[in-house]
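A quick write-up on the structure given underneath.
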2 protein chains.
Amino acid sequence: MTKLDRFDLQDFLPYLLNQAAEDASAGFQAFYKERYGMLRTEWRVLFHLGRYGEMTAKEICERARLHKTKVSRAVASLGKRRIVSRRTLENDRRQEMLYLTKQGEIMFKELLNAAQRYDAELATSFSAEEGAVLRRCLKRLAGL
Amino acid sequence: MTKLDRFDLQDFLPYLLNQAAEDASAGFQAFYKERYGMLRTEWRVLFHLGRYGEMTAKEICERARLHKTKVSRAVASLGKRRIVSRRTLENDRRQEMLYLTKQGEIMFKELLNAAQRYDAELATSFSAEEGAVLRRCLKRLAGL
DNA sequence: ACTTGTTAGTTACATTTTCAACTAATACCC
DNA sequence: GGGTATTAGTTGAAAATGTAACTAACAAGT
């Protein structure tokens, strides 16, 4: 069975992608976890509100491709810590507009800077052309 | 703050990698989950034993970069289902050599074929050159 | 107005993951 | 040989995730 010889686990794209994602995320994840006691979903919610402005939980779900229960719990946790606030929409009282508090804004800016530094550091692993191809392929795979 | 405008979440490599990894894994994951009731760690253990031959849990941990508790539980589950068997080493009775049963071999071969087909399908998303760059970059990021 | 259906978001429960403590076997070293 | 430290692997409790059922508000058709 010659096929078998050719197929290494490191050539299997899902595996390779997961390993790379884990490795690439690990450093930054450790940073916001130990420094801000923040979870990954929480960081994503924070980033969305900080970067794109106030929006509802539903919008975050769609943009970040997160399940609504994950977002719900992240928002609850961020709310408890006064990082995120909410206000019920008057025209549709099912929806709540979410936004960052002052404290949330500060935290966001710090984390944004850290993220940019981290990303720049990662980018040193490959040339500009490689980086461009990489991002292009990843976006295609992620359906972005 | 012009920096802020430049930094989109989809340009943040850890985020992009995670999205791509999730998307790329989803289809295959669904397959082995619903068809074989298999978890991701279990599939990895199965693959390692099937592709690289018998080895100890420790070796699987190192090669697959999995925590020992995850491997321990995956092996326990695969053992219960007679997919994996084990034999204590005589020269060091702490270690156990793990290997696939007949049934495990069959399952591995089926899954291997499915994985190869799946990988080939994913590869149609980009050109040969792109694919080569992608894999090269991912390996570097994953420290492989 | 009233039934039926849909949507935003929460909650409860089962599964999975993580972390720390544990057991059993070996190694080191005096 | 006997104490201490490591190592392979397991187990238990806590945290996180996934899934499904739920509540509350709105929409649409009659």
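Just so we're on the same page: letters track the sequence lines, and every chain starts at 1. Computed from a prediction, not measured in an experiment: that's the story for all the values here.
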>> For B:M97 and A:L89, find the nucleotide of DNA chain D closest to each by heavy atoms; which residue's nucleotide sits nearer the 5' end?
In response: B:M97
> How many Å lie between CZ on B:R40 and C1' on C:dT16, as a whole number?
Replying inline: 12 Å
>> Looking at B:S72, I'd like to know whether one of its side-chain N or O atoms comes within less than 4.0 Å of OP1 or OP2 on D:dG9.
In response: no
>> Please confirm whether the shortest side-chain N or O distance from B:K70 to OP1 or OP2 of C:dT18 is below 4.0 Å.
In response: yes
>> Check this one for me: any side-chain N or O of B:T69 less than 4.0 Å away from OP1 or OP2 of C:dT18?
In response: no
>> Nearest to the A:K68 side chain among D:dT19, C:dT26, C:dG9, which nucleotide is it?
In response: C:dG9
>> Less than 3.5 Å apart, any donor N or O on the side chain of A:R81 or A:S77 sitting next to an acceptor on the other?
In response: yes
> Is the phosphate of D:dA8, meaning OP1 or OP2, less than 4.0 Å from a side-chain N or O of B:K58?
Replying inline: yes
> Which nucleotide in the set C:dT26, D:dT10, D:dC26 lies at the smallest distance from any side-chain heavy atom of A:R93?
Replying inline: D:dC26
>> Without decimals, in angstroms, what is the distance between B:I60 CD1 and D:dG9 P?
In response: 9 Å
>> What is the distance, to the nearest angstrom, from the CH2 atom on B:W43 to the P atom on C:dT16?
In response: 18 Å
> Nearest to the side chain of A:L39, which nucleotide is it out of D:dA25, C:dG9, D:dA16?
Replying inline: D:dA16
> Rounded to the nearest Å, what distance is computed from the CZ atom of residue B:R65 to the C1' atom of nucleotide C:dT18?
Replying inline: 19 Å
>> For the backbone of A:A21 and the side chain of A:S25, can you confirm whether one donor and one acceptor N or O come within less than 3.5 Å of each other?
In response: yes
>> Whole angstroms only, please: what is the CZ-C1' distance between A:R94 and D:dC22?
In response: 16 Å
> What is the distance, rounded to the nearest whole Å, between atom CD of B:Q29 and atom C1' of D:dT17?
Replying inline: 13 Å
> Are any of the side-chain nitrogens in B:R87 or B:E54 under 4.0 Å away from the carboxylate oxygens of its partner?
Replying inline: yes
>> Between the base of C:dT18 and the side chain of B:R73, is there a donor and acceptor pair under 3.5 angstrom?
In response: yes
> Out of D:dT10, D:dC26, C:dA8, which has the shortest distance to the side chain of B:R86?
Replying inline: D:dT10
> When we call it a touch if two heavy atoms are under 4.0 Å apart, what does A:H67 touch: a base, just sugar-phosphate, or nothing?
Replying inline: base
>> Could you check whether B:R135 pairs with B:D119 (Lys NZ or Arg NE/NH1/NH2 to Asp/Glu carboxylate O, under 4.0 Å)?
In response: yes
> Of the nucleotides C:dA8, D:dG9, C:dT26, which one has an atom closest to the side chain of B:T56?
Replying inline: D:dG9
> Whole-Å distance between D:dA8 P and B:L66 CG?
Replying inline: 16 Å
>> Working note: A:Y52 + A:E59, criterion side chain to side chain donor-acceptor pair (under 3.5 Å); need CA distance, chi angles, decisive distance, verdict.
In response: CA-CA 11 Å; A:Y52 306 113; A:E59 278 176 84; over 6 Å; no
>> Whole angstroms only, please: what is the CD-P distance between A:E96 and D:dC26?
In response: 12 Å
